[in-house]
Each structure stands twice: as structure tokens, then as C-alpha cells.
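The structure under discussion appears below in the form of C-alpha cells.
Order of the sequence lines sets the chain letters (A, B, ...), proteins ahead of strands, with each chain counted from 1.
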Protein chains: 2
Amino acid sequence: MGEREPALVQSVDRAITILKLLARAEMGVTEIAAELGVHKSTASRLVYTLQARGLVEQHGERGRFSIGMGMLQFAGTVAGQLDIVQVGNPVCEELAERLGETVNVALLDATDTINVSQALGTSAVAAQNWIGQRTPSHATASGKVLLAFIPPGELDGLFVGDLASYTARTITDPQKLRDALKEVAEDGYATCFEELEPGLHSIAVPVFGPGQDVIAAISASGPAYRLSKKRIPEVVEELRQGARDLAGRMAYVSR
Amino acid sequence: MGEREPALVQSVDRAITILKLLARAEMGVTEIAAELGVHKSTASRLVYTLQARGLVEQHGERGRFSIGMGMLQFAGTVAGQLDIVQVGNPVCEELAERLGETVNVALLDATDTINVSQALGTSAVAAQNWIGQRTPSHATASGKVLLAFIPPGELDGLFVGDLASYTARTITDPQKLRDALKEVAEDGYATCFEELEPGLHSIAVPVFGPGQDVIAAISASGPAYRLSKKRIPEVVEELRQGARDLAGRMAYVSR
DNA sequence: GCCTCCGTTGCATATAACGGAACAACTTGT
DNA sequence: ACAAGTTGTTCCGTTATATGCAACGGAGGC
């Protein structure tokens, strides 16, 4: 409000909403229609269009719909644009093997943190897929690292009101977050113990670019009982080595 | 024709076309409009809608547009659905390191072959990104492997007329393709020497599932002068080992 | 066997997407 | 330095087009 937002193209906007819904879970036409608040026939046509172009697929003849393989084409393009995705993969793999936990490389996008590379831990019980996930920066280890190292001042506008809460331990007070970030900047690493999901711990360190700037964060995450506070020194050490490795490879790649 | 095709939702169809265009190269609004055959204003609105939802991004304030990081979310979903993407990554990495060439895992989708996992070779000169790429099965090593091992009869409907040609060496005669596939089935590997792109060689082997069925192909590709015919035995041996490794890991994953 | 639920298809209507033109912000040329 | 040529965005009237309705055809369930 105030700012005159140009109108969105309605049907395209709805189609994208459908894609976002299907990214969460596979659904049927009726269910989609209900979620969008439109008639079945409208939803049916939109889905048909998406399907005809390979962006969604239906399982079986009269089955439910899910994201299709045609989507990989776009993912590949993004990955190609971001050298760090390519370069990050082998580094993640090696770290995941050494630590036995899931390792991710993440970038900052406004107030969200996006995971762009991932390798699953060897003891991958209930392994979750984080690739492409947008996570709230104030409730993740990677996010805190990325926020802690951005140029001062850029943080000011963001994080004003109370922050979204996910568990009892989530930092919701902007001032508390600022304090935490200062500490992260001093320590050179961040932790996130059950602040996003109960039972989920993660530890992250920054990846430095050619200058002083931080270009990404690299993190390890795992169940609370395994990735305990006692392991912080060991994990941080491994992550830092991986970060240096990644930084080196990036420097090599970027002409 | 004959078959009554339900009508597509026009604006959604156009939006998807825009995405496919941007997947090839970044473009400006005017250029997009010309390509679509619509007015600038129409293209502008479509792009704005895509941008508002994070599917495209613009470089700089008045810069050109490209696929946005929001796409990664969908990629993650697809990757999560297909266990083989996750599991394939480390196998690719290891093979790429041993062979020094780019290694891919690919799946069959109708007559196309889609690359789902990739690791760049160490000597990655002019490294191309194949992830998510749809390639014609009859002109790739992975594709030939996948076609050679599908249940007999399923092939009949497809590949009837003359096949699309990409170089002078592309197999365009359906009968010749059938002969070649039979040979692939006997040898247990396929090659593709400059049949898709001049100067591009690739070698592929099948990845077997729990039964006799082939669930994927794994391939190495590189410049003709480096990935020569003489290296076939060595490369095939390495690939087969990787394929066994991958099959083993898949068996472990799929409950 | 009937009944319910789901997805698709004509059809008429009204909305919303479109093209035209004018505008504003940059870049290029001379 | 100014003009001429871009490029992308916005306003507005019109008509194409996306939509909702209702009826249809299949699948499964009781």
C-alpha cells in the first residue's frame, strides 16, 4: 500500500501458486481448486497447461499431480549461473563424509537463506532434502552467519518487528538477534540449536570471497542427540577447512 | 490434429515460454516480446509477474532478466522425489575425479534423455552444464543405453519417421538405430562420437535396479581429442564400477 | 448394483489480458 | 552537450480470453 503495485497477470500468478503448492505435496485438481479458491474447471485448465509443458506430471492416468522433470531444466540454468553450486557440491560431499552429517552451502536472498548445494550425511536417517529451500535467516545457522557478515547498515531496514517463531528457542526479538549476530561475527561461526525445528541442530561458518566479503555459508546439520554442543570445536574446524577449500576453488573458477 | 487438444491457458503458456527462453540466455523485455510475437507491454507484465514470485530475476536495476533462485525450490522437490539424484551426486563426483571427464546420470522420459546428476571433470575446459537438459535419446550415449534396455515392444511406437539430425554422424534411420541398440544391449555400453555435437564424445553404461530393469544411465563425456576410442575399455570399466556402486546405494535407500 | 467423488469438456458471460500510445529513464552517436 | 534512439513501465479502451456453471464420463467404495 502506498506503493502502487503493478497488477499481476492473474492466471500466471495462479499457475505459479499451483507450482508452489505441488512443491510441498502432490495434489489432485479438486484439492488445488479449493486451495486457490477457484472453480475445478479453472484449476484443471491451469494444471493441464503446466503439464503440457512438462512443469508438472501426473502419477498414473487419473493420479495426483506433482512437479515434473521439465523443471530440472530451469534448475540447471540457475545452477549454471551460480558457479558456487557446481563448485560447492564436491566440497559438501567430502565434508559430509568426514562429519557423517548433512552439509549445505547457502546464500542470502533478502531475509531468507537459500540452500544451493547439499550432500547427505552417511548416517542419513530421515534425511531431509534442503536444496532450494528458503529458510528464515534468523532461525538457521547459515542465515546467522550470512547476516553477521553483511556490510553494517544493510541490516537496519530488515528485522524490525517481532520475528517469526518456529520453536520455543527461536530468537524473536530483533535486539537479541543483533546481539547474537555480533557474537557470531566475533566467533567466526554460528549455531542453531532447535530454533527452527525441535530436535534439529546446525552449525555454520562463512565462506570468504576474494576480498573481506562473505559470499556464502557452509553448514552441517543433524539430529540434536548426535550433533551436540560438545562437537562444536571439531565440526567448526572441519567446516572451516571446507570453507577455505571452497573459497580456493571459487577463486580459480571466477576467471 | 485428429486428437482434440484442450486449449491451453494462453498467458500461462506464454509465461512458460518466457522461462524456457530465459533458460537459454538472459534477455530484455523487448527481445522477449519479439520472440513471443506479442507487444512489449504484454511481455513486461508477464515478466513482472514471474519476477514478483521469484521465478526470474533482473540483473541490476534496468538490466536483463534471467531465471531466478526461486526456481531452486522446485528443483529441490524433483530431486527429493527422485532418490537417484541425491545418491547419484557422490558417485558422479568420484568418477569425474578418476576419469577427469564430466560425468552424468540420466533418466529416460519418452524419447528424451534427461540429465539429473552431474560432476564436472577436473580438466574442465569449457565445462558445459547438462543438468536438467533434455537431449534426444538417439543422439546420446546415455539415451542409447536407456533405449537398449527398455522392455521390447515399448520402442515400437516411437522412432518411426526420420530422426532429427544434429551432425553428419547422427543416426537418422530408425532401422539403423535399432541395429545400434541391439549392439549396445550385447556390449553392455554405448558410445556417441560426435553424433550430437561436433567434437563431443561420450560413453555410457546402464545402472541396474533390483530386478533386471535399467533405472538410469551413467555417462562420461568430453572433447573428442581426449575421450578417444582407445579409452573405451578403461572408461567403460570405471563407469561399470560406478554403476554398481550407484545401484548398491539405491537399493539401500529404497526401503 | 447404486452411489459418491473426481477430472474433463461445451458453452455463455464478464472479467482480465491485451495492444496502442504516451512517458520516463538510459545509452549512444555526433 | 544535446539530440536521437533505445528500453521498460504505465494508463486506458476494447475485445479476446479466462472463468464459472452445469452436465458428462469414469473410478472406486459400500
Handout entry: Donor-acceptor side-chain pairing of A:Thr172 and A:Ser165 below 3.5 angstrom
Key = no
Handout entry: Side-chain N,O (A:Arg64) to OP1/OP2 (C:dC6) below 4.0 Å
Key = no
Exercise for the section: Would you please confirm or rule out a distance under 4.0 Å between OP1 or OP2 of C:dA17 and any side-chain N or O of B:Gln10? Expected result: no
Practice task
Let me know the distance between CG of A:Leu46 and P of C:dG7, rounded to the nearest Å.
Solution key: 14 Å
Exercise for the section: Mark yes or no for a side-chain to base donor-acceptor pair under 3.5 Å between B:Arg45 and C:dG19, with no hydrogen or angle criteria applied. Expected result: yes
Exercise for the section: Classify the side-chain pair B:Gln58/B:Gln51 by whether it contains a donor and acceptor separated by less than 3.5 Å. Expected result: yes
Exercise for the section: Find the distance B:Glu57:CD to D:dG8:P and express it as a whole number of Å. Expected result: 17 Å
Practice task
Identify which one of B:Ser137, B:Ser219, B:Ser142 satisfies the side chain to side chain donor-acceptor pair (under 3.5 Å) criterion when paired with B:Thr113.
Solution key: B:Ser137
Completion exercise
Which of A:Ile18, A:Leu50, A:Leu21, A:Val47 passes side chain to side chain contact (heavy atoms under 4.5 Å, CB included) with A:Phe65? It is A:Val47
Fill in the blank from the handout: B:Asp13 atom CG is separated from C:dC18 atom P, nearest whole Å, by 11 Å
Completion exercise
A:Leu50 atom CG is separated from D:dA18 atom P, nearest whole Å, by 13 Å
Exercise for the section: Select from A:Thr30 and A:Ser11 the residue whose nearest nucleotide in DNA chain C is closer to the 5' end of that strand. Expected result: A:Thr30
Practice task
Consider only side-chain N and O atoms of B:Arg53 and A:Thr17, and report whether a donor and an acceptor are under 3.5 Å apart.
Solution key: yes
Problem - Close residues, residues 31-44 of chain A, relative to DNA chain D [heavy-atom separation under 4.0 Å] - result: A:Val38, A:His39, A:Ser41, A:Thr42
Problem - Between B:Asn104 and B:Gln118: side-chain donor-acceptor atoms closer than 3.5 Å - result: yes
Problem - Whole angstrom value for the distance that separates P of D:dG8 from CZ of B:Phe65 - result: 7 Å
